[in-house]
Amino acid sequence: MAGRVKTRLQGEFSAVEAAALARASLGDTLSAVQRAAAGRRVVVLEGEPGSWLPAGFEVVGQRGDGLDERLAAAFEDVYDGTPMLLVGMDTPQLRPELLGFHWSGHDAVLGLTEDGGYWCLGLRKPDRRALVGVPMSTDHTGRDQLRRLLALGLRVRMLPTLRDMDTPRDAAWLAAEFPALRMSRLHRRLQHAAHPGALFEQALGGKARVVATGIDGRAVPALSELDRWSAPADEVDRLALSRCEGPVLDVGCGPGRIVIALAERGIPALGVDVSPRAVSLTTARGAAALHRPVQDPLPGEGRWGSVLLMDGNIGIGGAPGVLLRRCAELVRPDGLVLVEVDPDDELDETAPIVLHSTTGRRSSPLPWARVGTHALIRHAHHSNLHPTEDWRTPHRAFLTLRRTS
């Protein structure tokens, strides 16, 4: 279930993507077990099996409180008088031949993982003493498990050490080393077609930097300035805000520097953004923000004194005319719409952008537009907005429009 499995992958992947990678890893593991020589194949499961379960597997429910108790119970519930080998779902590179060993007089089998855990544990017969009380999910679980087995006087056969898929780096390594796996194929698709919002969230969380480019690969610097967006409002921002008439709606508020600056001036303001992380950062800093697309119903429609489209947010959706008409619906009669435009007055480009993360991920194309002053005036012609002020600084340009009746 998304959000409950492979949470350590969520530093780079969304909860849904992490769950999909976990499911693919499970599929690879089940495939290896299915092809291995075994008298029985059993899945010890919490919940109900789905379509992912291949034919030929029995299902036994999990029981017990902690993981150590559940593992001990699994051996007890499956035992039929023959040796048992329990494998996890975190090593999709598992090969059938790794499971085709001979017990050769050993009482237990253990395969360690590089992160200090273990990928498999085998017992000739159930023994709760072998598991209950062993610390789980630590960087020394494998070592502790081996010590427990030896302390019980068991003869232990060691299998090769494998690498778990726990972190984004693990997933990338496995995908590179074992490209034919289900998990690897999915990883490649996710790497090259990430949701733009997921990469933006990752950047806001400080886990990576993100650069925006056109689909031709050329950088779009104005859409890659996360440091400036996260910093307090600068002199140019404050100059723009001096034009505002309250209350103010900041569309695409990001981490909230504009809403916070307005609040410090005593001007009522609300930010809206499609990024949950951006909204969380804004509200954590004491400002008001709402997680919602601008196209959805918003509080105070038709009563806002000013609507802001800072930092090139006129590009949202790739249709400047449509966005301007929406802003005209939001402001009160004679209200202001303040737009930060491209410094190139004649620029009128509607083309998708792609986000690139320093972790190696690339987003699917995101509809976007880049417009200068002259182009924006043309787009505003059918939006009940007329230009009232065109002003600029050495590196940034703005256009103020006022709603007409």
Side-chain angles (χ1 to χ4, degrees), residues 6 8 22 25-26 28-46 57-58 60 62-167 170 173-174 177-178 181 183:
K6 290 296 167 194
R8 291 170 64 188
S25 177
L26 175 61
D28 287 319
T29 304
L30 291 173
S31 177
V33 173
Q34 194 173 34
R35 290 179 286 125
R40 292 172 65 201
R41 297 171 182 84
V42 182
V43 173
V44 184
L45 182 66
E46 180 181 11
F57 282 81
E58 303 173 39
V60 171
Q62 294 186 16
R63 61 182 177 87
D65 293 330
L67 179 57
D68 57 338
E69 291 188 10
R70 282 183 278 142
L71 294 178
F75 281 105
E76 293 170 348
D77 295 342
V78 170
Y79 185 57
D80 63 1
T82 60
M84 302 162 288
L85 181 70
L86 179 76
V87 300
M89 57 168 281
D90 295 337
T91 49
Q93 74 275 34
L94 181 64
R95 304 186 309 276
E97 52 266 32
L98 272 179
L99 307 178
F101 62 89
H102 296 286
W103 285 76
S104 302
H106 292 95
D107 305 303
V109 175
L110 187 64
L112 301 178
T113 54
E114 293 180 6
D115 64 357
Y118 57 86
W119 64 269
C120 76
L121 172 64
L123 295 174
R124 275 194 177 274
K125 59 183 180 180
D127 189 341
R128 294 184 67 82
R129 298 174 303 166
L131 282 151
V132 174
V134 175
M136 296 289 161
S137 303
T138 74
D139 60 3
H140 49 81
T141 293
R143 184 170 66 247
D144 292 341
Q145 183 64 72
L146 178 59
R147 287 173 177 169
R148 177 66 66 86
L149 297 174
L150 295 175
L152 292 173
L154 302 181
R155 294 163 294 179
V156 182
R157 173 171 186 148
M158 301 300 296
L159 295 185
T161 298
L162 300 181
R163 183 167 183 170
D164 266 352
M165 186 188 72
D166 283 332
T167 68
D170 295 332
W173 183 86
L174 288 167
E177 293 294 318
F178 304 93
L181 297 174
M183 187 282 300

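All residue numbers refer to positions in the sequence shown, counting from 1.
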Side-chain heavy-atom pair [X], [Y] within 4.5 angstrom cut-off:
X	Y	result
Phe75	Leu131	yes
Met84	Pro126	yes
Arg63	Asp77	yes

Leu99 vs Leu85, side chain to side chain contact (heavy atoms under 4.5 Å, CB included): CA-CA, chis, key distance, verdict: CA-CA 9 Å; Leu99 307 178; Leu85 181 70; 3.7 Å; yes

Set of salt bridge (Lys or Arg N to Asp or Glu O under 4.0 Å) partners for [X], sequence neighbours left out:
X	answer
Arg41	none
Asp127	Arg129
Asp115	none

Taking all atoms of both residues into account, what is the closest heavy-atom pair of [X] and [Y], and its distance?
X	Y	value
Leu154	Leu123	CD1-CD2, 4.5 Å
Arg35	Pro96	NH1-CG, 3.3 Å
Leu149	Leu121	CD1-CD1, 3.9 Å
Pro160	Leu98	CG-CD2, 3.5 Å
Trp103	Gly122	CH2-C, 3.6 Å
Gly88	Thr29	O-CG2, 3.3 Å

Approximate separation, where rounding is to 0.5 Å, of [X] [atom1] and [Y] [atom2]:
X	Y	atom1	atom2	value
Glu46	Arg70	CD	CZ	6.0 Å
Cys120	Leu110	SG	CG	6.5 Å
Phe178	Thr91	CZ	OG1	10.0 Å
Thr82	Arg124	OG1	CZ	10.0 Å

Counting N and O atoms only, with roles assigned by atom type, does the side chain of [X] sit under 3.5 Å from a partner on the main chain of [Y], one being a donor and the other an acceptor?
X	Y	answer
Arg148	Val132	yes
Arg95	Ala32	no
Arg40	Val78	yes
Glu76	Arg128	no
Asp90	Met165	no

Evaluate side-chain hydrogen bond (donor to acceptor under 3.5 Å, both in side chains) for Asp28 paired with Ser25, printing each intermediate quantity in order. CA-CA 5 Å; Asp28 287 319; Ser25 177; 5.8 Å; no

CA sep, side-chain torsions, deciding dist, call: Val60, Leu45, side chain to side chain contact (heavy atoms under 4.5 Å, CB included): CA-CA 6 Å; Val60 171; Leu45 182 66; over 6 Å; no

Should Arg147 and Asp144 be marked as a side chain to side chain contact (heavy atoms under 4.5 Å, CB included) after you check the CA-CA gap, both sets of side-chain angles, and the distance that decides it? CA-CA 5 Å; Arg147 287 173 177 169; Asp144 292 341; 4.0 Å; yes

Take Asp68 and Gln145 through the side chain to side chain contact (heavy atoms under 4.5 Å, CB included) test and state the conclusion after the steps. CA-CA 10 Å; Asp68 57 338; Gln145 183 64 72; over 6 Å; no

Side chains of His102 and Ser104 only: does a donor on one sit below 3.5 Å from an acceptor on the other?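 Not at all, the side chains of His102 and Ser104 share no donor-acceptor pair under 3.5 Å.
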
Criterion side-chain contact (heavy atoms from CB on, under 4.5 Å) against Trp119, the qualifying member of Leu159, Leu112, Thr161: Leu159

